[in-house]
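A short worksheet on the structure shown next.
Just so we're on the same page: letters track the sequence lines, and every chain starts at 1.
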Amino acid sequence: MTDVTMRIWRGDSTGGDFQDYPMTPNEGEVVLDVIHRIQATAAPDLACRWNCKAGKCGSCSAEINGKPGLMCMTRMQDLPGGTVTVTPMKAFPIIRDLVTDVSFNYAMAEKVPAFLPPPMPEGGYRMFQQDVERGQEFRKCIECFMCQDVCHVIRDHEENKAHYAGPRFFIRYAELEMHPLDTNDRRELVREVMGLGYCNITKCCTEVCPEHIHITDNAIIPLKERVVDADYDPIAWLGRKILRRTKRSATEAAVQPAP
Amino acid sequence: MTTSPYEHHDYDVLIIGAGGAGLRAAIEAKQRGLSVGIITKSLLGKAHTVMAEGGMAAAMGNVSSEDNWMVHFRDTMRGGKMLNNYRMAELHAKESPDRVLELEQWGALFDRTKEGKILQRDFGGHRYARLAHVGDRTGLELIRTLQQKVVSMSTDVFMECKVLRLVHDASGAVAGCVAYWRPTGEIVTFGAKAVIMATGGAGRSWKFTTNSWEGTGDGHAMALWAGAKLIDMECFQFHPTGMVWPLSVRGLLVTEAVRGDGGVLRNSEGERFMFNYVPDMFRAETAETEEEGDKWYDDHDAGRRPPELLPRDEVARAINAEVKAGRGTAHGGVYLDIATRRSAEFIRRRLPSMYHQFMELAGVDITREAMEIGPTCHYIMGGIQVDADTAATAAAGLFAAGECAGGLHGANRLGGNSLSDLVVFGRRAGMGASDYAEAHQGGSDLDMSEVEGAVTEALAPFERTTGENPYDIQRDLQEMMQSNVGIIRTGSEIDEALSALEVFNERVRNIAVKGGRPYNPGWNLATDLPSMLSLSRSVATGAKNRKESRGGHTRDDFPKPDPELGKINFAQTSDGGNWDSPIIVTESPLLVMPDELKALLEEGK
């Protein structure tokens, strides 16, 4: 293959700049292979996160020529020649070089109310393939957090992270909502606290998902419908009136369209 | 309580490693009401468990009603060439069905049978369809389920934190560890009443491996240095089917489920060569013709299983022999063909990750073309010697579970027995460590001289202005181990490896790293290399001592099994407790199996 210039962002939370590394990719190499060769030669302190190098762990997310992608699954030969720009995910704070602080996602995971099944009958639960398949699609998620990175609600508005869980967690809530055994009702939480209403279904998340999960069509839109059903169902409404449950103030904010 | 000059945390139970075994152990200790800390080199949920594809072996009998724990026990022992710790194999076979059901109670979504039960698939060496699975991403399902359970229990997880050494207290018991934060490079110490080692595998010392960067054998090495025993270190599994082309993905795992679901192996002449490699031990249960083998897929009573589904050591050796005989592919592998045997729709539904992996990394459509595959370094059967029931090691206060523990798999692991190993013995390690922690309520002080020794050693590469690049050492080590202690071994090459490793020790003592401490992969590698070298030396030492061929250990100069050596494990201890200290080898006799279990091994022979 012909030579390329790897233009890699180097720096930390205080700032940084691009550095160019001239490289000659070998046949079949992915971006991560080339990064590894730069580490082994010119820049042993070039920080990048990776584990499996097989598209299964979701560690090596970065922005390649401006587009979020797994470095281990992006082949050099599929990129236009000349210069290949690699930058860290924009939506998260920089730790160093290509490594970002993704702790926002772990904080959101802690807020998910646990799976709550009925007691297991003797010999195990019975579920049918067509019923588990919907949840299985969402459980393919490898937590690369590229859907979070590309979601404009947080990519361009840091302040929204306080009240917006993001696509990765909407598929988690959808999975639990559609789980044949789960008995925990999280619909109000998703609407009032997790900011489902901010999503205006631009499908950017679906486009970057390396597992090809239909995040918008199969998770977010059905979840929005279920949340609305819960809120405007007259029987549920009556139930709330009788039980004098008052909505928290987050409710009004959550139904506003995204800025 | 310890007064540490560094950031310090105390727990009842401290777990090193956040793969399936570590997380399952954490759940157990949390359920007992103990304080639990988990340390991982990576982010939570990225451990090598995610790479497990085919499934989790458990004799639930959902697909083959004849299946039960006794047959699973028999298959595991025979697959392990009888070198196994029988008690571990027994507990594993008995308890894995409950562990699968437990995952379902925590939210896992396994594939289903028509009756709505958990579906099970066929795999090499398992007599019946036994692997509970989710397509070909079962490991991801396992780790995500355990991760979500652990998070829901508010467990402290220290992510991207690399442990350097275990640390003892004044009584000589393991009482914590010293580590550093990868993002900042700052030192952190941990005190604990009990420590569980659950660090996984060690394949990174080889050039072609399925293992991620994390598989540097840290747990094996640190346990050895801390006073535990390692057994069966020569028993390393080379998985028969790794990708061979393009070179950049050479070694990447191709799941055994391809063969379980009908895929066959062919050489460059188009021959299904596995029929020529059926050993006597498995002849009675293996098909003699292609027609018979093909019938078995649809109806297990209509024929015997095809030889492609022999245990992994047999298949890997056969592929190696075919390539050596000049019947390999252009890139030095053989063909794995499912395209001509199953519909494209079936392949995409049953093997979605494989379809995706070959399409995106090799430009090969596995529904239309054969895959090129060859053996790849995959799994270490050997590890820290443990008590089967409690997971206690020879070092007081230290417990071990998962791939870093030895014994369950003997000389060769059956596919699917790893995921079940993680949860069966992860739970038992959690129980064993909790019992120990409850009995040692006082808590004790860390030996700070051990802490300071480890810190000084870890930071030394920053002090050197001239010295070696750690990446050069890693590359040379991988090439050396691949050629001298690979799938087929011989005495002279093992000796060569052992002398070469002395030179590598010298080189590691002379590493210089560039840059600062925050997230510096060159330095991080420099701190992994002592484990990698220690591990490599243990494997070579085991290989030198076992003068026979058994399971994952094949000696060209001793091609047959030796019944006398089949009665012992080689145990290794450290003489000095440093990463470069000499290793002492002793013979450790196998546990004596009760007669009623012995009888099970004879059945259906």
Side-chain angles (χ1 to χ4, degrees), chain A residues 12 26-30 33 39-41 43-59 73 75 95-97 99 101-103 106 109-110 112-115 117 120 123-129 131-133 135-136 139-143 172 175-176 179 181-182 211-212, chain B residues 42-48 50-51 60 101 104-107 109-112 115-119 134-135 137 139-141 144 148-149 151-152 154 159 183 212-214 245-249 252-253 353 356-357 360-362 469-472 475 513-516 518-523 525:
Chain A
D12 55 27
N26 297 319
E27 185 184 349
E29 275 191 334
V30 293
D33 288 312
Q39 285 181 325
T41 52
D45 64 339
L46 166 61
C48 88
R49 199 180 259 138
W50 71 286
N51 275 34
C52 75
K53 201 175 167 287
K56 294 194 170 70
C57 77
S59 299
M73 296 300 279
R75 288 203 288 181
I95 293 177
R96 217 173 144 255
D97 302 341
V99 178
D101 175 358
V102 291
S103 54
Y106 288 93
E110 283 174 21
V112 179
F115 171 67
M120 190 174 72
Y125 300 108
R126 295 290 175 109
M127 288 185 270
F128 293 92
Q129 188 62 34
D131 297 324
V132 300
E133 257 164 21
Q136 283 182 333
R139 289 182 74 83
K140 287 195 309 193
C141 171
I142 58 173
E143 299 204 323
R172 172 71 175 138
E175 172 216 322
L176 288 164
H179 196 298
L181 298 175
D182 185 56
E211 288 295 316
H212 309 297
Chain B
S42 295
L43 296 174
L44 182 60
K46 309 299 184 191
H48 206 60
V50 299
M51 295 286 288
M60 309 175 82
L101 292 174
E104 201 150 79
Q105 290 172 280
W106 296 339
L109 286 171
F110 289 101
D111 286 348
R112 318 306 295 184
E115 301 78 41
K117 295 181 184 174
I118 292 172
L119 183 61
V134 187
R137 56 161 192 86
L140 176 66
E141 187 70 11
R144 203 63 86 227
Q148 285 161 350
K149 177 73 180 167
V151 167
S152 77
S154 306
M159 295 198 277
S212 78
W213 75 269
E214 297 183 295
W245 191 256
L247 204 55
S248 66
V249 290
L252 197 60
L253 182 64
S353 307
H356 189 67
Q357 177 174 316
E360 302 207 2
L361 294 174
N469 178 350
Y471 286 97
D472 292 342
R475 182 202 55 222
V513 298
K514 289 181 187 159
Y519 225 113
N520 181 341
W523 177 48
L525 174 59

Heavy-atom pair of closest approach, residues B:Pro521 and A:Pro44: CG-O, 3.6 Å

Can you tell which part of B:Ser152 gets under 4.5 Å to a heavy atom of chain A, answering side chain, backbone, both or neither? side chain

If you compare all heavy atoms of B:Gln105 against all heavy atoms of A:Phe115, which two are closest, and at what distance to 0.1 Å? O-CE2, 3.2 Å

Please state whether the side chain, the backbone, both or neither of B:Asp111 comes within less than 4.5 Å of a heavy atom of chain A. both

Check each atom of A:Leu46 against the heavy atoms of chain B and say whether the ones under 4.5 Å are side chain, backbone, both or neither. backbone

Of the listed residues (A:Cys141, A:Ala43, A:Ser103, A:Gly55), which shares the most heavy-atom pairs with chain B below a 4.5 Å separation? A:Cys141

Go through the atoms of B:Met159 and report whether side chain, backbone, both or neither lie under 4.5 Å from a heavy atom of chain A. side chain

One option among A:Ala109, A:Gly124, A:Ser59 has the most heavy-atom pairs under 4.5 Å with chain B, and it is A:Ser59

Per-residue contact mode, B:Trp523 against chain A (heavy atom under 4.5 angstrom): neither

To the nearest 0.5 Å, what is the distance between CZ on A:Arg126 and CD1 on B:Ile118? 10.5 Å

Please report the interatomic distance CZ(A:Arg96) to CG(B:Asn520), rounded to the nearest 0.5 Å. 6.0 Å

Identify which of A:Arg75, A:Met120, A:Lys53 forms the greatest number of heavy-atom pairs closer than 4.5 Å to chain B. A:Arg75

Does the side chain of A:Val102 reach to within under 4.5 Å of the side chain of B:Leu43, using non-hydrogen atoms? yes

So what's closer than 4.5 Å to chain B heavy atoms on A:Val112: side chain, backbone, both or neither? neither

Residues A:Arg139 and B:Arg137: closest non-hydrogen pair is O-NH1, 3.4 Å

Which heavy-atom pair separates A:Asp33 from B:Ser248 by the least distance, and what is that distance? OD2-CB, 3.0 Å

Given the options A:Met73, A:Glu133, A:Glu110, which has more heavy-atom pairs under 4.5 Å with chain B than any of the others? A:Met73

Less than 4.5 Å to any heavy atom of chain B: does that hold for the side chain of A:Val99, its backbone, both, or neither? side chain

With a 4.5 angstrom heavy-atom cut-off, which part of B:Leu44 approaches chain A: side chain, backbone, both or neither? both

Sidechain-backbone polar pair: B:Lys46 side chain, A:Cys57 backbone, donor-acceptor under 3.5 Å: yes

Tell me which of these, A:Ala114, A:Gly58, A:Pro113, has more heavy-atom pairs under 4.5 Å with chain B than the rest. A:Gly58

May I ask you to decide if the ring planes of B:Trp213 and A:Trp50 are parallel, tilted or perpendicular, using 30° and 60° as cut-offs? tilted

Could you go step by step and tell me if A:Ile142 and B:Val50 meet the side chain to side chain contact (heavy atoms under 4.5 Å, CB included) rule? CA-CA 9 Å; A:Ile142 58 173; B:Val50 299; over 6 Å; no

Partner chain A: residue of B:Ala362, B:Ser353, B:Gly516 with the largest heavy-atom pair count (under 4.5 Å): B:Ala362

Counting heavy-atom pairs under 4.5 Å to chain B, which of A:Glu175, A:Arg49, A:His212 comes out on top? A:Arg49

Nearest heavy-atom contact between A:Ala47 and B:Tyr519 is CB-O, 3.3 Å

Return the option, out of B:Gly116, B:Gly45, B:Gly522, with the maximum number of heavy-atom pairs under 4.5 Å with chain A. B:Gly116

Pairwise distance CG(B:Leu109) to CE(A:Met127) - rounded to 0.5 angstrom: 5.5 Å

In terms of heavy-atom pairs under 4.5 Å with chain A, which of B:Glu360, B:Gln357, B:Arg475, B:His48 leads? B:Glu360

Donor-acceptor contact present, side-chain B:Arg112 to main-chain A:Asp131, <3.5 Å: no

Residues A:Asn51 and B:Glu214: closest non-hydrogen pair is ND2-OE1, 3.1 Å

So which part of B:Leu361 gets closer than 4.5 Å to some heavy atom of chain A, the side chain, the backbone, both or neither? both

Side chain to side chain, A:Gln136 and B:Val134, heavy atoms closer than 4.5 Å: yes

